[in-house]
Amino acid sequence: QVQLVESGGGLVQAGDSLRLSCEASGSTFSNFAMALAWFRQAPGKEREFVAAINWSGGSTKYADSVKGRFTISREKAKNTVYLQMNSLKPEDTAVYYCAASFSTAQFMGSDPVSYWGQGTQVTVSS
């Protein structure tokens with residue numbers, strides 16, 4: 001099993017920055033190579049892929065809509081994945097979910113996700 005706990009959401013203005021954190025735990029996470037990712041879901045829309053990172057090698061993948069503005073990173077000592085969000089726009093408003101998969105970052109967004117966090121709300125006002 002893998003447990004994912006997100007934090008760091010909030011209300012910001014357009015152009016501001018925000019950093020989300022996702023702490024992972026569980027025996028499965030400790031024993032298997034996994035990819036971790038961020039997805040988001042805006043009201044009335046489907047959940048969409050945002051960014052992913054391979055826990056072991058650190059390779060990353062981003063959705064076109066966030067390239068150049070968002071950065072995903074990991075801190076192994078804390079079992080934590082971060083999503084640094086800069087130049088936020090009102091259309092970035094959504095519930096952001098941390099996800100873990102036995103896939104690789106390259107295939108996150110298309111392969112099934114095995115574990116989800118509870119989500120954290122990000123609201124960007126204009």
Side-chain angles (χ1 to χ4, degrees):
Q1 285 282 22
V2 176
Q3 291 78 42
L4 304 170
V5 179
E6 302 103 329
S7 62
L11 171 63
V12 297
Q13 293 186 333
D16 284 352
S17 298
L18 202 60
R19 189 178 78 161
L20 304 182
S21 301
C22 171
E23 183 176 357
S25 62
S27 57
T28 301
F29 179 76
S30 300
N31 295 323
F32 294 90
M34 304 190 80
L36 280 88
W38 290 94
F39 288 72
R40 66 187 182 186
Q41 187 167 19
K45 295 188 176 181
E46 293 188 353
R47 192 172 298 187
E48 65 174 0
F49 168 78
V50 175
I53 187 167
N54 287 337
W55 185 253
S56 57
S59 297
T60 58
K61 176 186 173 182
Y62 295 92
D64 289 342
S65 59
V66 305
K67 278 182 183 177
R69 299 189 300 123
F70 290 11
T71 302
I72 189 170
S73 63
R74 79 223 191 283
E75 187 171 354
K76 287 188 172 183
K78 294 185 177 181
N79 277 0
T80 300
V81 172
Y82 303 101
L83 185 68
Q84 177 66 43
M85 305 184 292
N86 298 330
S87 302
L88 283 161
K89 305 174 182 179
E91 49 264 44
D92 294 318
T93 295
V95 177
Y96 283 71
Y97 295 91
C98 184
S101 170
F102 295 103
S103 180
T104 63
Q106 178 183 1
F107 297 106
M108 286 295 271
S110 55
D111 282 359
V113 169
S114 299
Y115 303 96
W116 292 98
Q118 82 286 353
T120 185
Q121 177 70 46
V122 173
T123 304
V124 185
S125 63
S126 57

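Just the heavy atoms: all of them, side chains too, but no hydrogens, waters or symmetry mates, feed the values below. None of the values given here were measured: they were computed from a predicted structure.
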**Student:** Arg40 pairs by side chain to side chain contact (heavy atoms under 4.5 Å, CB included) with which of Thr93, Leu83, Leu20, Asp92?
**Tutor:** Asp92
**Student:** Using a 6.0 Å distance limit plus a 45 degree cone around the ring axis, check whether Lys61 lies over the aromatic ring of Phe107.
**Tutor:** no
**Student:** Verify, without hydrogens or angle tests, whether Asp16 (side chain) and Gln13 (backbone) share a donor-acceptor contact under 3.5 angstrom.
**Tutor:** yes
**Student:** Compare all side-chain heavy atoms of Tyr96 with those of Gln41 and state whether any distance is below 4.5 angstrom.
**Tutor:**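 Of all side-chain heavy-atom pairs linking Gln41 with Tyr96, none is under 4.5 Å.
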**Student:** Would you say the side-chain atoms of Gln118 and Glu6 include a donor-acceptor pair closer than 3.5 Å?
**Tutor:**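 Distance-only check passes for Gln118 and Glu6.
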**Student:** If the threshold is 4.0 Å, N to carboxylate O, is there a salt bridge linking Lys78 and Glu23?
**Tutor:** no
**Student:** Judged by modelled atom types alone, do Thr123 and Gln121 share a side-chain donor-acceptor pair under 3.5 Å?
**Tutor:** yes
**Student:** Given side-chain contact (heavy atoms from CB on, under 4.5 Å), test Ser17 with Met85 step by step and report yes or no.
**Tutor:** CA-CA 5 Å; Ser17 298; Met85 305 184 292; over 6 Å; no
**Student:** Could you go through the side-chain contact (heavy atoms from CB on, under 4.5 Å) check for Leu18 and Leu88 one step at a time?
**Tutor:** CA-CA 8 Å; Leu18 202 60; Leu88 283 161; 3.9 Å; yes
**Student:** Salt bridge or not between Lys67 and Asp64? Use side-chain N to carboxylate O under 4.0 Å.
**Tutor:**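 Counted as a salt bridge, because a side-chain N and a carboxylate O are separated by less than 4.0 Å.
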**Student:** What distance do Asn79 atom CG and Cys22 atom SG have between them, rounded to the nearest 0.5 Å?
**Tutor:** 10.0 Å
**Student:** I'd like to know if Met108 and Val2 are part of one continuous hydrophobic network [Ile/Leu/Val/Met/Phe/Trp/Tyr, side-chain heavy atoms within less than 4.5 Å].
**Tutor:**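 No, it is not one cluster - the side chains of Val2 and Met108 are not joined through contacts under 4.5 Å.
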**Student:** Under the side-chain contact (heavy atoms from CB on, under 4.5 Å) rule, what do Trp38 and Tyr62 come out as? Steps first, then yes or no, please.
**Tutor:** CA-CA 10 Å; Trp38 290 94; Tyr62 295 92; over 6 Å; no
**Student:** Please check: side-chain N/O of Ser101 versus main-chain N/O of Pro112, any donor-acceptor pairing under 3.5 Å?
**Tutor:** yes
**Student:** May I ask you to establish whether Arg47 and Tyr97 are in a cation-pi arrangement, using a distance under 6.0 Å from NZ or CZ to the six-membered ring centre and at most 45° from the ring axis?
**Tutor:** yes
**Student:** If you compare all heavy atoms of Ala35 against all heavy atoms of Ala105, which two are closest, and at what distance to 0.1 Å?
**Tutor:**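 Heavy atoms of Ala35 and Ala105 come nearest at CB-N, 3.7 Å.
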**Student:** Quick one: is the NZ or CZ of Arg19 closer than 6.0 Å to the six-membered ring centre of Tyr82, and within 45° of its axis?
**Tutor:**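 Flagged: Arg19 positioned over aromatic ring of Tyr82.
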**Student:** Assess the residue pair Arg74 and Leu36 against the criterion (side-chain contact (heavy atoms from CB on, under 4.5 Å)); give the C-alpha distance rounded to whole Å, side-chain angles, the decisive distance to 0.1 Å, and a yes or no.
**Tutor:** CA-CA 9 Å; Arg74 79 223 191 283; Leu36 280 88; over 6 Å; no
**Student:** Is there a path of hydrophobic side-chain contacts, each under 4.5 Å between heavy atoms of I, L, V, M, F, W or Y residues, that connects Val81 with Val66?
**Tutor:**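 Val81 and Val66: one cluster.
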**Student:** Check for me, please, whether Phe49 and Val95 land in the same ILVMFWY cluster - side-chain distances under 4.5 Å, paths through other members count.
**Tutor:** yes
**Student:** Taking the side chain as every heavy atom from C-beta outward, state whether Phe70 and Val50 have any atom pair closer than 4.5 Å.
**Tutor:** yes
**Student:** When rounded to the nearest 0.5 angstrom, what distance separates SG in Cys98 from CD in Gln3?
**Tutor:**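 Interatomic distance, Cys98 SG to Gln3 CD, rounded to 0.5 Å: 12.0 Å.
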**Student:** Which atom pair, heavy atoms only, marks the closest approach of Ala42 to Ala94?
**Tutor:**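 For Ala42 and Ala94, the tightest heavy-atom pair comes out as N-CB, 3.8 Å.
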**Student:** Would you say NZ of Lys76 has more than 12 non-hydrogen atoms from neighbouring residues, nucleotides or ligands within 6.0 angstrom?
**Tutor:**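 It does: Lys76 NZ has more than 12 such atoms within range.
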**Student:** So, for Ala24 and Leu4, which heavy atoms are closest and what is the spacing to 0.1 Å?
**Tutor:**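 That closest heavy-atom pairing would be CB-CD2, 3.7 Å.
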**Student:** If you measure only the distance, is there a donor-acceptor pair under 3.5 Å linking the side chains of Asn54 and Thr104?
**Tutor:** no
